[in-house]
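One structure is given here, and the rest of the page talks about it.
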Amino acid sequence: MSITLGRPVAAVEERPRAGKRRAVWLAAGVGVLGVVLVGRIGRFGFNPTDQGFVLAQSWRLLHGELPHADFTSPRPLGSAVLHMVDFLVPAPLFVSSSFVMMVELTVATIALAALLTRSGPTAWGPSRLGMVAAATMVNLHTYPLMAWHTVDGVFLVATGLWAVDSGKRRTGFFLLGFAVIVKQSFAPALVLGLLLVVLHPARRQWQRIGVDLLFLAAAPLSYYVLIGGGFPAAKEQLTTATGTWGERLLEIADVAAIVQAAVVLAVLAAAWLARERLGKAGRWLRIGLAVAVAAITVSVVVRGHLAHAGDWSITLLWIFVAAAAADAVIQRRFPWRYLSVAALAWMASLSWGYPYPGLVAGSMALGTLEVLARTVDLRARWAEALGPIAAVLVALQLVNAHDAAPYADRPQARLTHDLGDISPSLLWVRTNPSVHAYLAQLRDCVAKYPAAKVAIMPDNAFAYPALNLRNPFPMDWVLPMEVVGDTEQRMLDTIGELNRDGDYLVLFQTVTAQALAAGEPVPASVPPGSRPAYHTGLEERILDRLTGEHITCGNFVGVHSAKS
């Protein structure tokens, strides 16, 4: 005779099954959201600058080149390793890459929401799922859907923190360590990992700390092995890059919103502490205060228009910090989860070209609303509709923002040309007639002057994976800040190798990336002797020193040396 304590065995078995079913549905939802957003907004707009930059580095790895030794970078090249998966997705490369990026950002948003709410995603109802979907779209804002190291860092840190907090310590520490090798700005994730090894409430016995540290260091150690003999070059390239510490976060435009939210949050925390004395009146006071902070937070998002470069995300960061302080009072414990997310926002803002915490903005807005929810009791049935309504409203704002201003391209109504006729890897990507004409000229020039080694300078990293080209120079995008360590000398040394061996084509654009983004006409041809558009001056030195046949082709000038 057996005795069952608690729930019947069938109920115990049913609960894991239900959890697995919900996990499958959640994963399907992530995929569907990615497909919808890529199809509706992500494939609209193209500019031959940073779109394809990371893919070009992955392309080099797929052809056996070693990071830092064979090609240079001011950042570690973990993203190039990570985005080799983009080439495996059964879709045109640049659309598949957009999808992978969207999945990363969605999973990161789910992870941050789970971390801040201390709840599993499979237990969420419609309201929270809708709110997380809305936060995902705010995190995307008008950021380009493309492979990029900052998105990778956000994804790795967010999922790493969540994994550690939910008991999957080894996975979490490995992910935190991986973040370090996608970009130096995520090196503080290593410090977060070390603190969690020792201080996390669910830490293991002291004798197991060594295992946690090993998983935290696994990715950086693997990267050291990967670069092999290129370590001296890697050290020079990574340590001579221009640094930034996040000074842009102190240049706050909307101080009034931050002060108002901070003051109301302080009063709300005090009202929470005095809730027993205030009774029913205190509950209505808390509701009023919570609504006020929620209105300020939502107003910041709405007035920011989800702009790619805007102070709205900085404002949300400081409101979020104030909410973290209020949460510490309300829950009477150190808000390490909130501070970890604030630290991630700071890491994401450490950038030369995008010094904003926008990729975490939606998560910070959601985290602020979660603090407010803890102080009020919303049991009304209509409250379940708040999340889906928020998701629909944010989706409308997101579509309008992208239609008006796709990244580095014209408004969507002017994106009339599909790039599938340029290359199958660009199928379904739409752009303006000027960019299409530019890429058509590039395609035709490469076909007209065949060569084993092809370089297009300065702004065309996308072309190497898109057109199946091999760049003989050690960098794909000739930007001043990318020229670190011995990169300049190696670029010049490559000229001698090309002159000696031949079989090369080096093209230089005469139309700037800014002109393409503005939709300005692309000339059908340029006269001999035209000078290239350039960022560093290296372009002109390379053009003048190459000894092959000087050519013009479309808007490009270049040098061609046929195979001997």
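FYI, side chains are in, hydrogens and waters are out, and symmetry mates aren't considered; it's all heavy atoms of this structure.
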Original post:
For M364, does its backbone N or O pair with a side-chain atom of T368 as donor and acceptor, under 3.5 Å?
Top reply: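 Confirmed, T368 side chain pairs with M364 backbone.
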Subject >> Side-chain (W346) to main-chain (L249) donor-acceptor, under 3.5 angstrom >> reply: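 A pair under 3.5 Å: no.
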Subject >> Pairs meeting criterion disulfide bond (SG atoms under 2.5 Å apart) with involvement of residues 431-489, two or more places apart >> reply: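 The answer is C445-C553.
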Subject >> Pairs where residues 453-545 contributes a residue and the test disulfide bond (SG atoms under 2.5 Å apart) is met, not counting sequence neighbours >> reply: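 Applying disulfide bond (SG atoms under 2.5 Å apart) to every pair that reaches into residues 453-545, excluding sequence neighbours, yields nothing.
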**OP:** State which residue, out of Y407, Y438, F462, fulfils the ring pair (Phe, Tyr, Trp, His ring centres under 6.0 Å) condition with F46.
**Re:**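 One option only clears the test, and that one is F462.
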Spatial distance of atom [atom1] ([X]) from atom [atom2] ([Y]) [nearest 0.5 Å]:
| X | Y | atom1 | atom2 | answer |
| --- | --- | --- | --- | --- |
| S96 | H83 | OG | NE2 | 10.5 Å |
| N555 | L442 | CG | CG | 9.0 Å |
| L62 | F87 | CG | CZ | 5.5 Å |

Do [X] and [Y] touch side chain to side chain, with heavy atoms closer than 4.5 Å?
| X | Y | answer |
| --- | --- | --- |
| V478 | M491 | yes |
| H68 | L238 | yes |
| E482 | W352 | yes |

Subject >> Aromatic ring proximity Y464/W59, centre distance under 6.0 Å >> reply: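 Y464 vs W59: aromatic centres not under 6.0 Å.
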Original post:
Is the centre of the H308 ring less than 6.0 Å from the centre of the Y356 ring?
Top reply: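 Centroid distance H308-Y356: not below 6.0 Å, so no.
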**OP:** Would you list the pairs meeting side chain to side chain donor-acceptor pair (under 3.5 Å) in which at least one residue belongs to residues 524-540, sequence neighbours left out?
**Re:**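 Qualifying pairs, neighbours excluded: D459-H535, R531-E540, R531-D544, T536-E539.
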**OP:** Might you confirm whether atom CH2 of W318 has over 12 heavy atoms from other residues, nucleotides or ligands at distances under 6.0 Å?
**Re:**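 Atom CH2 in W318 is not packed in, count stays at 12 or less.
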Subject >> Atom CZ of R414 with >12 non-hydrogen neighbours under 6.0 angstrom >> reply: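 Result for CZ/R414: open.
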**OP:** Indicate whether the side chain of K183 and that of S79 have a donor and an acceptor atom separated by less than 3.5 Å.
**Re:**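 K183 vs S79: no donor-acceptor pair found between side chains.
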Original post:
Salt bridge or not for R40 and D403, using N-O below 4.0 Å?
Top reply: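 Looking at R40 and D403, the cut-off is met.
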Original post:
Would V559 and I542 count as a side chain to side chain contact (heavy atoms under 4.5 Å, CB included) if you check the C-alpha gap in whole Å, the side-chain angles of each, and the deciding distance to 0.1 Å?
Top reply: CA-CA 10 Å; V559 184; I542 292 170; over 6 Å; no
